[in-house]
Amino acid sequence: MRVLGIETSCDETGVAVYDAADGLLAHAVYSQVELHARFGGVVPELASRDHVRKLVPLTRQVLAESKSETADIDGIAYTAGPGLVGALLVGASVARSLAFAWGKPCVGIHHMEGHLLAPMLEDQRPQMPFVALLVSGGHTMLVEVEDLGRYRILGETLDDAAGEAFDKTAKLLDLPYPGGPALAALAEEGVPGRLDLPRPMLGKPGLDFSFSGLKTAVMLAVRQAESRSLRREDIAAEFQCAVVDTLAGKCRRAMRETAAGTLVVAGGVGANSALRQRLRMLSETEGWSLFYPRPEFCTDNGAMIAYAGMLRLRAGERAPLSIEARARWSLEELGPAGTAADAP
Ligand code: KG4
Ligand code: ZN
């Protein structure tokens, strides 16, 4: 089964072709970063219009690179939510229309299911059950993954997502958009511990997160930087350390509570090397297996949607003829999609 996957939930247009027998045949991501940079964040209307411009040419390109004719495609998958509804509707409309015109089945995919299945695109795959830490610009959550489509949210952020905290803090430090990678690079030059930042929710029971207080603490530190001789690098390093401490601490608690042996980390912040290094050390001392997608599949991409789509189409799932997109959608609402043990 060969599936065309389309991702347009935010500011990346992603397209891929995944074949159940031959794996990922082609994928391409067009990032709108430059378009939004001068606004310091994603402008939803501009994002939708750019998806309109880029999606069809990118789809043609990926079909050609995968050497697929229309007849070779067995189904189409698109991100149906959660995300920016205007951006989602572009992907949904194109996917649904292509499927209708070509007479192929179509399926709407949950963006976060795409992220948590992204490590399955690698040769070394995690075995289910596992716990997934999903850390992106829009979400921060710990999910117990029993099998395909059987997800229990163990904890999530009560306010800002981890990536959003990186982006907002980067803005406070006058770093260019997108802030996460820029802040991580600045943190490399700094020394953590030269100021006190909170480790939010770490002292409280449970597995929820909260990052907005951390951002406020950084705002105060930036204001006092001159009088306290604080360097921007040191603020960045301590901020990154506070986020990593918090994420790692909650992962340890989730792994102990569920008695899981495998942790999967996905989403844009999963590309952060300080987080990767800390979780690697923790997994060695705690005896867990740790899996990441490669960095290009940590951030938004069409490959994860094509893969999730292949599994759901294979399990018989079909989207209705209507064009559907959901700004909000819980992972726990998804139905089962077969078993991972025999997943291609
Ligand atoms: O998964 P993703 O591409 O899009 C969403 O679904 O949100 O994640 C993007 C987020 C942004 O907030 C970005 O700043 C953050 O991931 N990010 C990073 C790094 N690379 C991307 N944050 C920290 N360190 C990084 N290296
Ligand atoms: Zn994402």
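Counting convention: from 1, in listed order, for ligands and their atoms alike.
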To which protein heavy atom is [atom] closest, and what is the distance rounded to 0.1 Å?
{"atom": "atom 2 (P) of ligand 1", "answer": "Asp300 OD1, 3.5 Å"}
{"atom": "atom 9 (C) of ligand 1", "answer": "Gly137 N, 3.8 Å"}
{"atom": "atom 19 (C) of ligand 1", "answer": "Gly268 O, 3.7 Å"}
{"atom": "atom 11 (C) of ligand 1", "answer": "Asp167 OD2, 3.5 Å"}
{"atom": "atom 22 (N) of ligand 1", "answer": "Gly180 CA, 3.5 Å"}
{"atom": "atom 26 (N) of ligand 1", "answer": "Asn272 CA, 3.6 Å"}

Is ligand 1 less than 4.0 angstrom away from at least one heavy atom of [X]?
{"X": "Cys10", "value": "no"}
{"X": "Pro181", "value": "yes"}
{"X": "His139", "value": "no"}

With atoms numbered from 1 as shown, which atoms in ligand 1 lie under 4.0 angstrom from a non-hydrogen atom of [X]?
{"X": "Thr299", "answer": "3 (O)"}
{"X": "Ser136", "answer": "1 (O), 5 (C), 6 (O), 7 (O), 8 (O)"}
{"X": "Gly138", "answer": "7 (O)"}
{"X": "Gly163", "answer": "12 (O)"}
{"X": "His115", "answer": "1 (O), 6 (O)"}
{"X": "His111", "answer": "6 (O)"}

Donor-acceptor pair, [X] side chain versus [Y] backbone, under 3.5 Å?
{"X": "Arg199", "Y": "Leu197", "result": "yes"}
{"X": "Glu122", "Y": "Tyr292", "result": "no"}
{"X": "Asp234", "Y": "Arg194", "result": "no"}
{"X": "Lys250", "Y": "Leu133", "result": "no"}
{"X": "His111", "Y": "Ile305", "result": "no"}
{"X": "Asp19", "Y": "Val17", "result": "no"}
{"X": "Ser330", "Y": "Glu332", "result": "yes"}
{"X": "Glu144", "Y": "Glu146", "result": "no"}

Check your understanding: By atom name, which N, O or S atom belonging to Asp300 lies closest to the Zn ion (ligand 2)?
Key ->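 In Asp300, the N, O or S atom with the shortest distance to the Zn ion (ligand 2) is OD1.
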Check your understanding: Given atoms NE2 of His115 and NE2 of His111, what angle do they subtend at the Zn ion (ligand 2), to the nearest 10 degrees?
Key -> 90°
**Study point:** Candidate with minimal heavy-atom separation from atom 15 (C) of ligand 1, of Val33, Val269, Thr79
**Key:**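 Answer by nearest heavy atom: Val269.
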**Study point:** Validation row, ring centre Phe166 to ring centre Phe211 under 6.0 Å
**Key:** no
Practice item. For the residue pair Leu183 and Thr169, establish whether any side-chain heavy-atom pair is separated by less than 4.5 Å. Key: yes
**Study point:** salt bridge (charged side-chain N to carboxylate O under 4.0 Å, His left out) partner of Lys215, chosen from Asp159, Asp160, Asp167
**Key:** Asp160
